[in-house]
Amino acid sequence: MSVRVRYAPSPTGSPHVGNVRTAIFNWLFARHEGGEFIARLEDTDRDPARYRPESIQDIETSLNSLGITPDEWWVNKEPSGYVQSERLPFYQAAAQELIDKGHAYPCFCTTERLTQMREEQQSRGVPSGYDRRCRRLSPADRERYISEGMQYTVRLAVPLEGKTTYNDLVYGEITFENKLIDDQVLLKSSGWPTYHLAVVVDDHAMGITHVIRGEDWLPSTPKQILLYQMLGYEQPKWIHAPLIVGTDKKKLGKRHGSTKFVEFIEQGYLPDALFNFLILCGWSAGDENRELFTKEEIVERFTLQGISKSAAVFDYEKLKWMNGSYIRSYSTEKLVALCMPYLVKAGTVSEPISSETTAYLAQVFPLVAERMKLLTEAPALVEFFFNDPTEYEDKGKRKWLTGEEAQNRISKAIEVFSNADGEWTIENAELATNKVVELTGSERGPIIHTLRTSITGRTVGPGLFETIAVLGKDCVVRRLHNALAAVTIVENAE
RNA sequence: GGCGCCAUCGUCCAGCGGUCAGGACGGGGGGUUCUCAGCUCUCAAACCGGGGUUCGAUUCCCCGUGGCGCUACCA
């Protein structure tokens with residue numbers, strides 16, 4: 001049978017990277033096995049404090065931008081098959097079936113009683129869980145309560161004896177004592193299902209063969225296995241993947257900084273880099289000792305055996321390095337296109353983008369690409385290629401734009417560059433600079449630094465000759481004049 | 001508290017009874033050079049503790065310790 005896996009996000013917020021990593025694992029497994037990747041919206045929690053319908057957009061964006069668009073989901077199919085809120089009758093039917101078979105029972109306990117019971121159990125230090133009072137109700141009482149219109153939930157009648165064992169394809173054989181499993185609520189008093197019921201009904205309905213999810217779901221797996229057995233469904237294979245945690249080793253959350261996938265995109269991270277980085281959190285290609293992979297290479301190598309068991313600390317530094325690595329691997333054309341929104345937003349260029357600007361950008365970007373780690377850094381990096389410096393970096397001004405020596409260097413440079421004939425190339429820029437070195441009798445280093453500060457306003461940046469070549473003669477001469485005017489003469493240099 | 005899972009450099013991973021315990025990020029140092037970055041070379045850095053099993057344990061088993069997860073009419 002062909003592999004069918006799913007990603008089942010809940011619209012309670014924008015997906016965070018741990019969640020997305022699991023989606024990627026599912027996608028990868030489907031692709032590697034030639035199966036289908038499905039997404040299903042688990043929107044059975046209607047508590048206004050948690051329900052965030054607007055996060056559905058982020059779910060779709062995250063999946064699409066990573067290039068792991070599901071083969072089947074509410075976007076390209078009828079929502080009724082892929083959105084749980086449209087499938088209520090199925091869960092209710094399953095709950096009724098369980099009641100009929102004696103595997104579930106109505107529970108009339110109030111929230112107040114439940115809360116009180118839990119608090120008491122905790123204060124006494126005994127295991128918490130439902131005391132199964134309603135499970136012992138006589139059929140007559142049940143009938144009466146229901147006919148009186150009392151609100152009730154439906155609970156799973158967990159076997160009081162025996163064990164539930166399953167073989168996790170990552171964690172191995174895991175056993176739970178049935179008597180320690182809580183009589184889980186399956187149907188809320190509102191008639192909506194809880195996760196446990198809905199996930200089982202739908203995974204079965206959709207023919208899911210492998211459940212790949214975060215390790216935080218591992219302890220609830222026996223409840224679902226029980227449901228599969230009671231409903232007479234064939235169980236899927238279970239695969240739990242290690243959590244992604246913060247530096248404090250705790251499950252990734254708001255306090256760890258950016259954790260939402262879309263936030264990383266906004267900050268200038270590339271989907272390709274994120275994809276590559278994320279699969280390395282909890283998976284490895286084995287003894288290949290490599291970490292930069294194309295998506296195709298990963299699909300080829302992805303196996304469940306490569307999934308590790310221990311939680312992975314999310315290393316922002318390494319992600320940043322990897323992002324820079326991807327940026328450097330991109331063609332100039334691609335990189336310019338990727339950076340364009342940021343340049344427009346910063347006002348570096350304005351729309352519509354002229355073909356001159358595009359051509360200019362194509363010359364500029366090779367010079368700054370290797371210094372870029374985030375796309376958001378582009379505007380600052382290319383700033384001086386578009387605008388004459390209005391001020392000079394403090395350190396540069398003090399060191400290179402101060403005193404008669406500086407004045408002399410810049411004057412000579414103006415002379416040399418404005419009289420330059422022949423082609424305006426990198427080679428000729430260097431030759432011209434050498435000429436200034438000769439004329440001033442200074443050393444080459446200081447001349448270069450003086451010129452860089454004069455022309456770019458900064459002490460760090462791309463190679464000077466390349467910069468001069470791209471900027472063009474008029475621009476360079478103009479900036480040199482400006483710099484000359486900005487040189488400060490001090491009587492007693494400190 | 002109960003139940004479950006996990007445990008190799010600071011971090012991510014490799015290792016699947018015998019290795020100088022390997023790679024990457026980060027850190028240190030060198031080279032390239034006009035700065036920064038990049039590239040490149042190089043150094044430091046780890047098998048949680050205790051018992052077993054075995055000729056031999058980082059590796060297999062048990063216990064301890066530690067960390068994490070779950071313990072809702074949330075997923």
Side-chain angles (χ1 to χ4, degrees), chain A residues 8-12 42-45 47 49-51 107 109-111 114-115 118 121-130 151-155 168 171-172 174-177 180-182 184-190 192-196 198-199 214-222 240 242-243 245 247-251 277 280-292 305-306 308-322 324-325 328 368-373 381 396 430 433 443-453 458-465:
Chain A
S10 135
T12 48
E42 311 239 311
D43 58 347
T44 55
D45 182 4
D47 185 331
R50 289 181 295 262
Y51 183 51
C107 172
C109 293
T110 61
T111 309
L114 260 18
T115 308
R118 196 158 35 240
Q121 288 167 332
Q122 271 162 8
S123 70
R124 280 173 49 211
V126 299
S128 60
Y130 181 53
Q151 291 259 297
Y152 64 92
T153 62
V154 175
R155 284 186 185 270
D168 192 293
Y171 289 94
I174 300 174
T175 302
F176 297 84
E177 296 265 3
L180 266 11
I181 299 173
D182 204 10
Q184 187 68 44
V185 169
L186 301 176
L187 212 56
K188 306 172 192 178
S189 53
S190 62
W192 288 64
T194 59
Y195 171 80
H196 303 282
V199 77
E215 196 238 35
D216 43 351
W217 287 111
L218 198 149
S220 70
T221 306
H240 287 91
L243 259 22
V245 299
T247 325
D248 58 1
K249 304 278 187 180
K250 293 206 169 65
K251 219 163 103 169
F277 178 76
L280 258 24
C281 288
W283 179 85
S284 97
D287 56 14
E288 238 182 311
N289 272 342
R290 190 146 80 93
E291 41 272 311
L292 261 18
Q305 286 69 42
S308 43
K309 296 177 177 176
S310 49
V313 174
F314 192 88
D315 186 346
Y316 288 82
E317 278 306 310
K318 189 162 183 173
L319 203 213
K320 212 165 173 179
W321 160 78
M322 193 172 280
S325 169
R328 270 171 264 131
V368 299
E370 64 194 29
R371 292 166 175 77
M372 201 186 306
K373 286 213 166 66
L381 251 17
E430 178 160 12
T433 304
E443 298 206 32
R444 193 176 142 98
I447 291 297
I448 287 174
H449 292 134
T450 303
L451 294 184
R452 171 179 289 104
T453 307
R458 306 181 192 186
T459 58
V460 301
L464 180 65
F465 312 133

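Reckoned from all heavy atoms, side chains included, excluding hydrogens, waters and symmetry mates. Predicted, not measured: the structure shown is a model, and the values here were computed from it. Letters A, B, ... are given to chains in the order of the sequence lines, protein chains preceding strands, and every chain is numbered from 1.
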Whole angstroms only, please: what is the [atom1]-[atom2] distance between [X] and [N]?
{"X": "A:E443", "N": "B:U33", "atom1": "CD", "atom2": "P", "result": "16 Å"}
{"X": "A:L292", "N": "B:G23", "atom1": "CG", "atom2": "P", "result": "17 Å"}
{"X": "A:H240", "N": "B:C3", "atom1": "NE2", "atom2": "P", "result": "20 Å"}
{"X": "A:Q122", "N": "B:G2", "atom1": "CD", "atom2": "P", "result": "13 Å"}
{"X": "A:D216", "N": "B:C70", "atom1": "CG", "atom2": "P", "result": "6 Å"}
{"X": "A:L243", "N": "B:C5", "atom1": "CG", "atom2": "C1'", "result": "10 Å"}

Straight-line distance of [X] [atom1] to [Y] [atom2], nearest 0.5 Å:
{"X": "A:S220", "Y": "A:I181", "atom1": "OG", "atom2": "CD1", "answer": "10.5 Å"}
{"X": "A:T12", "Y": "A:Y51", "atom1": "OG1", "atom2": "OH", "answer": "11.0 Å"}
{"X": "A:Y195", "Y": "A:L186", "atom1": "OH", "atom2": "CG", "answer": "13.5 Å"}
{"X": "A:T221", "Y": "A:E215", "atom1": "OG1", "atom2": "CD", "answer": "10.0 Å"}

For A:K188, look at atom NZ and say whether over 12 heavy atoms of other residues, nucleotides or ligands are found less than 6.0 Å away. yes
Would you say that more than 12 heavy atoms from the other residues, nucleotides or ligands in this model lie under 6.0 Å from the OH of A:Y152, or not? no
Carboxylate-amine/guanidinium contact A:E317 A:K373, below 4.0 Å: no
Return the 5'-most residue of the pair A:I448, A:E215 with respect to RNA chain B, ranking by each residue's nearest nucleotide. A:E215
Want to settle it: does A:Q184 or A:A8 sit nearer the 5' end of RNA chain B, counting the closest nucleotide to each? A:Q184
Classify the nucleic acid contact of [X] as base, sugar-phosphate or nothing, counting any heavy atom under 4.0 Å across all strands shown.
{"X": "A:W217", "result": "base"}
{"X": "A:Y171", "result": "sugar-phosphate"}
{"X": "A:P446", "result": "nothing"}
{"X": "A:F465", "result": "base"}
{"X": "A:R118", "result": "sugar-phosphate"}
{"X": "A:L280", "result": "sugar-phosphate"}
{"X": "A:E291", "result": "base"}

Would you say a side-chain N or O of [X] is under 4.0 Å from OP1 or OP2 of [N]?
{"X": "A:K318", "N": "B:C12", "answer": "no"}
{"X": "A:T44", "N": "B:A75", "answer": "yes"}
{"X": "A:K188", "N": "B:A75", "answer": "yes"}
{"X": "A:K251", "N": "B:C70", "answer": "yes"}
{"X": "A:R328", "N": "B:A37", "answer": "no"}
{"X": "A:R452", "N": "B:C34", "answer": "no"}
{"X": "A:S308", "N": "B:C13", "answer": "yes"}
{"X": "A:R371", "N": "B:G38", "answer": "no"}
{"X": "A:K249", "N": "B:G66", "answer": "no"}
{"X": "A:S284", "N": "B:A14", "answer": "yes"}

Taking atom [atom1] in both [N] and [M], what distance in whole Å separates the two?
{"N": "B:G66", "M": "B:G18", "atom1": "P", "result": "32 Å"}
{"N": "B:C60", "M": "B:U71", "atom1": "P", "result": "31 Å"}
{"N": "B:A7", "M": "B:C61", "atom1": "P", "result": "11 Å"}
{"N": "B:A14", "M": "B:C48", "atom1": "P", "result": "15 Å"}
{"N": "B:G52", "M": "B:A45", "atom1": "P", "result": "31 Å"}
{"N": "B:C6", "M": "B:C12", "atom1": "C1'", "result": "16 Å"}
{"N": "B:A37", "M": "B:G23", "atom1": "P", "result": "24 Å"}
{"N": "B:G69", "M": "B:U59", "atom1": "C1'", "result": "26 Å"}

Hey, does the side-chain of [X] have a donor or acceptor N/O within less than 3.5 Å of a partner on the base of [N]?
{"X": "A:R444", "N": "B:C34", "value": "no"}
{"X": "A:N289", "N": "B:G22", "value": "yes"}
{"X": "A:S189", "N": "B:C73", "value": "yes"}
{"X": "A:K373", "N": "B:A37", "value": "no"}

Closest heavy-atom contact between A:R452 and A:R458? CG-O, 3.3 Å
Could you check, using the six-membered ring where one of them is a Trp, whether A:Y316 and A:F277 have ring centers closer than 6.0 angstrom? no
Among [options], the one nearest [X] by side-chain distance:
{"X": "A:V313", "options": "B:U35, B:A75, B:U11", "result": "B:U11"}
{"X": "A:P127", "options": "B:G2, B:C70, B:C5", "result": "B:G2"}
{"X": "A:V460", "options": "B:U35, B:G2, B:A75", "result": "B:U35"}
{"X": "A:T153", "options": "B:C34, B:C73, B:A75", "result": "B:C73"}

